[in-house]
Structure formats: C-alpha cells, structure tokens
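What follows is a set of notes on a single structure, which appears directly below.
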Amino acid sequence: MLVDKKMFVCGIVMLTIGIIIMINLNATMPVGQSGMTDEEIIDLMTKQQEHKDMNTLSGILIGIGFMLILISFGARRRRKDSPKKEEKKPIS
C-alpha cells in the first residue's frame, strides 16, 4: 500500500495534539457563582468565550490532522530517478 509516511505522521501528531487540548479544555470549564459583581460577570463571559474559541481551534486541528491521514493513503511520492511525464501536443 502506498502511504506518504511524513504526511501520515504529521496527521497523527496533529490529531493527537488536538484531542489532548480538547480533553484539557473540557476538564477546566470556567463556572460562575451566585452574587458576582458586574466586573466578575464580564470577566467570566470573556473566559467562557476564550474557552469556546480554543475548543473550536482544537476541533479544526483535529479535522486537519484527520484529513492529512486520509490524504496520506492516496499520496504518491515522485521518485527522483523516474522520468518526468511530458505532454505531447497533437500535430495539426
């Protein structure tokens, strides 16, 4: 089976890092308390938005890693000693 090993390993690494980040983010969800001041509420909303954005970015990282893994199975490396393909123009 033809597999581009560099692309495959890069995809595995990206997928693993994305999953680790997502697990870490889901373990540390910012939570509010009753009786918070307006400044604390704004700070909490900012932290929750940052958490959501980081979760989205880790999802994108997982998606790109998965796509690299899939692409690596169909990618063929060009050998240095193989002749280049030349297109022949039809004689008219």
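Here, residue 1 is the first one in the sequence, and each next residue gets the next number. Only this structure's heavy atoms are used, side chains among them; waters, hydrogens and symmetry mates stay out.
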Handout entry: Check against side chain to side chain contact (heavy atoms under 4.5 Å, CB included), E39 and I41
Key = CA-CA 5 Å; E39 186 175 313; I41 292 172; over 6 Å; no

Exercise for the section: Kindly say whether T37 contributes a backbone atom to a donor-acceptor pair with the side chain of E40 at under 3.5 angstrom? Expected result: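 Indeed, once roles are kept as given, a pair shorter than 3.5 Å links the two residues.
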
Exercise for the section: Look at the side chain of H51 and the backbone N and O of P30, then say whether any donor-acceptor pair between them is shorter than 3.5 Å. Expected result: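 Not a single qualifying donor-acceptor pair exists.
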
So how far is it from [X] [atom1] to [Y] [atom2], rounded to the nearest 0.5 Å?
X: L15; Y: I69; atom1: CG; atom2: CD1; answer: 5.0 Å
X: T56; Y: L61; atom1: OG1; atom2: CG; answer: 12.5 Å
X: M29; Y: N55; atom1: CE; atom2: CG; answer: 8.5 Å
X: M22; Y: I20; atom1: CE; atom2: CD1; answer: 12.0 Å
X: I12; Y: I17; atom1: CD1; atom2: CD1; answer: 11.5 Å

Practice task
Treat each ILVMFWY residue as a node, draw an edge where side-chain heavy atoms are under 4.5 Å apart, and state whether V31 and M54 are in one component.
Solution key: no

For residues [X] and [Y], report the shortest heavy-atom separation together with the two atoms involved.
X: M7; Y: I71; result: SD-CG2, 3.5 Å
X: L68; Y: C10; result: CD1-SG, 4.1 Å
X: S58; Y: L25; result: OG-CD1, 4.5 Å

Practice task
Evaluate side chain to side chain contact (heavy atoms under 4.5 Å, CB included) for L57 paired with D53, printing each intermediate quantity in order.
Solution key: CA-CA 6 Å; L57 287 175; D53 294 343; 5.5 Å; no

Problem - Other residues, nucleotides, ligands: >12 heavy atoms within 6.0 Å of M45 CE - result: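 For M45, atom CE is not crowded (no more than 12 foreign heavy atoms under 6.0 Å).
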
Completion exercise
Residue pairs meeting side-chain hydrogen bond (donor to acceptor under 3.5 Å, both in side chains), one or both in residues 9-36, sequence neighbours left out, come to none

